[in-house]
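One structure is given here, and the rest of the page talks about it.
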Amino acid sequence: MEIPKRYDPKAIEDKWYAQWLKQKFFRSTPDHRKPYTIVIPPPNITGVLHMGHMLNNTIQDVLIRKARLQGYNACWVPGTDHASIATEAKVVAMLREKGIKKSDLSREEFMNHAWEWKRKYGGIILEQLKKLGASVDWERVHFTMDDGYCKAVIRVFVDLYRKGHIYRGLRMINWDCEAQTALSNEEVVYAEEGEKSFLYHVKYRLRDTEDYLIIATQRPETIMGDTAVAVNPHDERYSHLIGKTVLVPMINRPVPVIADNYVEKEFGTGCLKVTPAHDQNDYEIGLRHNLPVIDTLNPDGTLNEKCEIAEYIGKDRFEVRQLVVERLRAENLLVKEEEFITRIGRSERTNSVVEPRLSMQWFIRMKEISQRALQAVEMDEVRLHPEKFKNTYRHWMENVRDWCISRQLWWGHRIPAWYDEQGNVYVAETYDEALQLFKEKVHGSQSAVLSIKKLSTEHAALNTLKQDEDVLDTWASSWLWPIAVFDGFNDKSFDKRKGKVIKAANAELNYYYPTTILVTAPEILFFWVARMIIAGYEYLDEKPFSHVYLHGIVRDKQRRKMSKSLGNSPEPLELIEKYGADGVRIGMLFSSPAGNDLLFDEKLCEQGRNFCNKIWNAMRLVKSWKIQEGKNDANQAAILWFESRLSQVIRQLENSYADYRISEALLILYNLIWDDFCSWYLEMIKPQRQETRSLDLGTYEKTIEFFGKLLQLAHPFLPFITEEIWHLLKERSEKDCITVSRYPEGKTPDEGLLKKAEAVKEIITRIRDIRGQANINPNEPLPLYVLSNDRNGYELFRQTIMKLASLKSIEFVTAEIKGAKTFLVGADTFFLQTPVSVNVEEERKRLAKEIDYIKGFIRSVNAKLNNERFVKSAPPAVVEKEKQKLLDSEAKLKALEESLTRLN
RNA sequence: GGGAGCAUAGCUCAGUUGGUUCAGAGCACCUGCCUUACAAGCAGGGGGUCACAGGUUCGAAUCCUGUUGCUCCCACCA
């Protein structure tokens, strides 16, 4: 069979993925082995695979495949997130295109559309992950709105309410006028550069005089909601006005001038208009001074009748802003319009300008329940990689604020709270339970004896109790992910009375929880990671995962974020098409140390593809040899050396993995395969022409063994090509896959041999260099003479040196060889006899330079050793090392000086 | 405004408790090669005052202080 010169990923990737699935290699169920568990950060059902997913899932797949090879019961749980606001926005847009308005639909009709969307698009990303080679357990796909998951979310809400961690309150929240919902602080984004706006200086007249104050505002449309004007109590310019009354422009509402420390004298005019309904700080000033709250905005961002000006009612706030400015100008109340850079907040999902709005929302009280989660990271129970994120985490957790969890949307987990006609709230898992609570309440009330009969039929109550219209913030469901995917909140394992998940009552949870590692981006450290840790301790008194690997953001070469509008994001599937899944995986990992952003460049994928091709061709070479019975001793050196080298690298790899330095591990492996194996080992054993390209069986078998081990080491990074070559190198059954093979273990490397081999490589390189410099044909056989005290040390490598340096002979001598090119490796001197005569003058110069350097070096070492304080205070090992250095370099100096003498 | 971190080759980054065979890797660059595994390749090579200024020390890329520049997180000024 002819093996193609280039590796063709397309031909094999789908084949192997199908084979792996058929063999159920990714399936995990609890057994006697140790578990290694990862839960996927569930992608939103709105999206398609992007570069961030590629990086995220490649890292997870490397870790899970490595664990699988090492004999763990590796379980990678896939799934998707319902992504409440993002999905609802998409569905609304989709309906709009079809000419359907959300407001014309009933809640149920809308939900049907949303589920339809989910069925259609929800699985896209997971499907695409197959192309990447992701070895997830496909029998464990979860969705944050599965029946069981919904139950868990509702249970937790009810439980936290009962425990007093959830409350309902009137708060100033961030309002998205477009989606018409509250947003958490985390969902509000601020443009990096700020946004251009105007600062309008407006006259506020004092009552009963012609005097006026000038107030600077960015939002003149809120003037009609003003209920005070505030100045700094220490501002002498205005102190005489405190307590006086001013008239709000246009509507002439009389409002007081008050003094409040919040006002900064330097900003604007030093006067602040106070609009408690439309600004967080104003709201607080209002509380301090008992100001009325006049809410002039409708939920959709238009003005309502409270603004008192008929023509503004029903118009959008930004339209009104223009109208107000025009009117103020016309009435000569506008003193100045000043350009101004403001840092305005926008909704992460709809990009509409966020309005502070006073409304009734549900909150989780965070302070208390987050204490143990803070401790857990502090004490390294949960370890963050890289560690620097501990600081960020601590800072956030110590200043954590209450979490607004209600959203005025339909797609999501509807809040399990019911209200009676009086507005009393009943929080329960089901309507029936809420009804029960309601009945109990009515029972308990003396005055309601009569009405009991009236309400005793369910029918009557049915009309009475109404469920809260809102749904929960997405993160208020995904924070249960590591517990809920193992069905931790089911009837058996959730103890309602205690408000705890009983691990022992759930075999799956008992086996897989806590999971091993979570791989995600630092962007959602607070959104998600911190909250999962909180939930873990709240419900299991245990961490959800032992490690958190935080990778960076994928950016382009210019460090810009990948974004649709910039068009700088490559299409992942096209990359896979072009470079193969393995090539892209390598490209993603090549330059992305944990915590650092990945500056993506397609060239990295090209490098990955080339690496695959290199391995492919190594396989072609090995397969091309004819095998002869017997054993060729000439290859002994290569085999012994590579065996040691392999062991050495396996240890290095373990260290890198242990610190989650994935890209470092990859680079080590890359060099091992490319340099050590291909450039050195294979060249060492490669049969030469005259030998008719045949190899002895002993060496061949050893080589196949080495190759196999390399493939295993590489398999976590390159699942497809390693599987293919695994089967090409050796006759194996369909089931005997590398995916489920046993990872190689390193033996103790022979350090002496490794060191000698380095010297041998240097000798070969020096000879090649001399040939290059002197323009001597690399294949022309030349004699080499060696002046060394370690004759035996080189004996093992004699054949290797001869072969790789194309030598005619190697002879040990006791005196110099005149007219030969001289070089030093360690303290040994080598003479290469070349047809080109040596330029004595240049040689002398070169030697003199080397001697100078070594002399300087010896001086510095001597200075140290002669320094009493050094010898006294430095650790003995360091002093010993210095002494050895001195000996080595003195020997070298001697050899150099002798060479120089010989020249003369 | 509060907090954290970074600054090492043209680029992206290593450099563990201070010890001059420790100034490194990958990419890029330069030179020579289509040598019967691979030009998606082979062989060889050049390149850094470790941001700046002080200090501690026998010894500093590594520790301390200051300066400059950059990044991130949190809060958010009308």
Side-chain angles (χ1 to χ4, degrees), chain A residues 3 5-7 185 188 190 199 215-219 222 230 262-264 266-275 279-282 340 342-343 345 388-396 398-399 401 522-523 525-526 557 559 579 583 590-593 595-599 601 603-604 606-607 609-625 655 659 661 663-664 667-668 670-671 678-679 682-683 686 689 693 765 768-773 775 777-779 854 856-857 860-861 863-864 866-875 877-879 881-882 885 888-889 892:
Chain A
I3 304 170
K5 214 167 150 178
R6 286 191 179 166
Y7 168 60
N185 290 333
V188 181
Y190 298 87
L199 202 53
I215 293 178
T217 177
Q218 276 187 78
R219 296 159 69 205
T222 65
Y262 171 75
V263 182
E264 284 187 33
E266 287 74 28
F267 193 93
T269 60
C271 291
L272 172 69
K273 70 185 208 56
V274 185
T275 324
D279 184 279
Q280 175 73 45
N281 295 301
D282 290 14
F340 181 69
T342 178
R343 295 202 57 215
K388 66 178 177 186
F389 286 108
K390 255 170 105 168
N391 291 328
T392 321
Y393 182 87
R394 184 190 314 114
H395 188 251
W396 193 78
E398 282 174 349
N399 299 290
R401 300 166 144 216
E523 292 172 301
L525 187 59
F526 310 125
K557 270 189 284 185
R559 281 193 187 273
Y579 301 102
F590 241 129
S591 73
S592 58
N596 280 29
D597 287 349
L598 164 63
L599 271 47
D601 184 347
K603 282 187 92 164
L604 292 167
E606 199 180 313
Q607 200 187 338
R609 178 200 64 184
N610 294 355
F611 183 41
C612 290
N613 202 47
K614 185 73 185 175
I615 300 172
W616 183 256
N617 276 291
M619 180 271 294
R620 281 181 66 221
L621 175 67
V622 173
K623 295 276 286 180
S624 73
W625 293 329
N655 290 334
D659 296 339
R661 291 158 34 141
S663 55
E664 183 183 87
L667 194 60
I668 288 171
Y670 180 83
N671 289 327
C678 293
S679 296
L682 289 180
E683 292 297 330
K686 192 176 182 177
R689 277 159 281 196
R693 297 171 74 192
T765 302
R768 286 173 176 167
D769 184 26
I770 290 170
R771 285 181 193 268
Q773 305 262 323
N775 248 328
N777 185 328
N779 291 321
I854 202 92
F857 181 68
S860 77
V861 177
K864 229 186 278 183
N866 293 334
N867 184 330
E868 258 180 61
R869 287 213 261 180
F870 169 71
V871 181
K872 234 174 27 196
S873 47
V878 173
V879 178
K881 214 167 137 190
E882 291 301 312
K885 272 186 215 164
D888 288 351
S889 41
K892 188 160 182 174

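Letters go in sequence order (proteins before strands), and every chain restarts at 1. Small disclaimer: the values here were computed from a predicted structure and weren't measured.
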So, does N399(A) use its side chain to make a donor-acceptor pair with the main chain of H395(A) at under 3.5 Å?
yes
Given that both pair distances must be under 3.5 Å and the pair must be Watson-Crick or G-U, what runs of three or more consecutive pairs involve RNA chain B?
B:1-7 with B:68-74, B:10-13 with B:24-27, B:29-33 with B:41-45, B:51-55 with B:63-67
Options [options], nucleotide nearest the side-chain atoms of [X]:
| X | options | value |
| --- | --- | --- |
| L272(A) | rG26(B), rC76(B), rA78(B) | rA78(B) |
| F526(A) | rC74(B), rA37(B), rA25(B) | rC74(B) |
| A618(A) | rA37(B), rC38(B), rA78(B) | rA37(B) |
| D769(A) | rA40(B), rG44(B), rG26(B) | rG44(B) |

Side-chain N or O of [X] less than 4.0 angstrom from OP1 or OP2 on [N]?
| X | N | result |
| --- | --- | --- |
| K614(A) | rA40(B) | no |
| K5(A) | rA39(B) | yes |
| R609(A) | rC38(B) | no |
| N281(A) | rC77(B) | yes |
| T765(A) | rG44(B) | yes |

Salt bridge (charged side-chain N to carboxylate O under 4.0 Å, His left out) involving R768(A) - partner list, sequence neighbours excluded:
none
Those residues that, when tested against E264(A), pass salt bridge (charged side-chain N to carboxylate O under 4.0 Å, His left out) (two or more places apart)
none
Non-hydrogen side-chain atoms of [X] and [Y] separated by less than 4.5 Å:
| X | Y | result |
| --- | --- | --- |
| N655(A) | E664(A) | no |
| D279(A) | V274(A) | no |
| L525(A) | W396(A) | no |
| L667(A) | F590(A) | yes |
| N777(A) | R771(A) | no |
| I615(A) | Y7(A) | no |

Would you classify E683(A) as touching base, sugar-phosphate or nothing, given that sugar-phosphate means primed atoms plus P, OP1 and OP2, and contacts are heavy atoms under 4.0 Å?
base
Identify whether any heavy atom of R768(A) sits under 4.0 Å from a base atom; if not, whether one sits that close to sugar-phosphate; answer base, sugar-phosphate or nothing.
sugar-phosphate
Rounded to whole Å, how long is the line connecting atom [atom1] of [X] with atom [atom2] of [N]?
| X | N | atom1 | atom2 | result |
| --- | --- | --- | --- | --- |
| R620(A) | rA39(B) | CZ | C1' | 14 Å |
| W616(A) | rA40(B) | CH2 | P | 18 Å |
| K686(A) | rG41(B) | NZ | C1' | 11 Å |

Taking atom [atom1] in both [N] and [M], what distance in whole Å separates the two?
| N | M | atom1 | value |
| --- | --- | --- | --- |
| rG44(B) | rU20(B) | C1' | 27 Å |
| rC74(B) | rC27(B) | C1' | 37 Å |
| rA60(B) | rA53(B) | C1' | 15 Å |

Using side-chain hydrogen bond (donor to acceptor under 3.5 Å, both in side chains) as the criterion, list what pairs up with Q280(A), not counting sequence neighbours.
E284(A)
Per-nt protein contacts along nucleotides 11-18 of chain B (heavy atom under 4.0 Å; B base, S backbone sugar-phosphate only, - none) come out as -SSSS---
Please walk me through it: do M619(A) and I3(A) pass side chain to side chain contact (heavy atoms under 4.5 Å, CB included)?
CA-CA 10 Å; M619(A) 180 271 294; I3(A) 304 170; 4.0 Å; yes
Any protein N or O atoms within reach of nucleotides 3-9 of chain B? Criterion: under 3.5 Å, listing atom names and distances.
unit_1 : atom_1 : unit_2  : atom_2 : d
rA4(B) : O3'    : N391(A) : ND2    : 3.1

Electrostatic pair K603(A)-E606(A), nearest N-O below 4.0 angstrom:
no
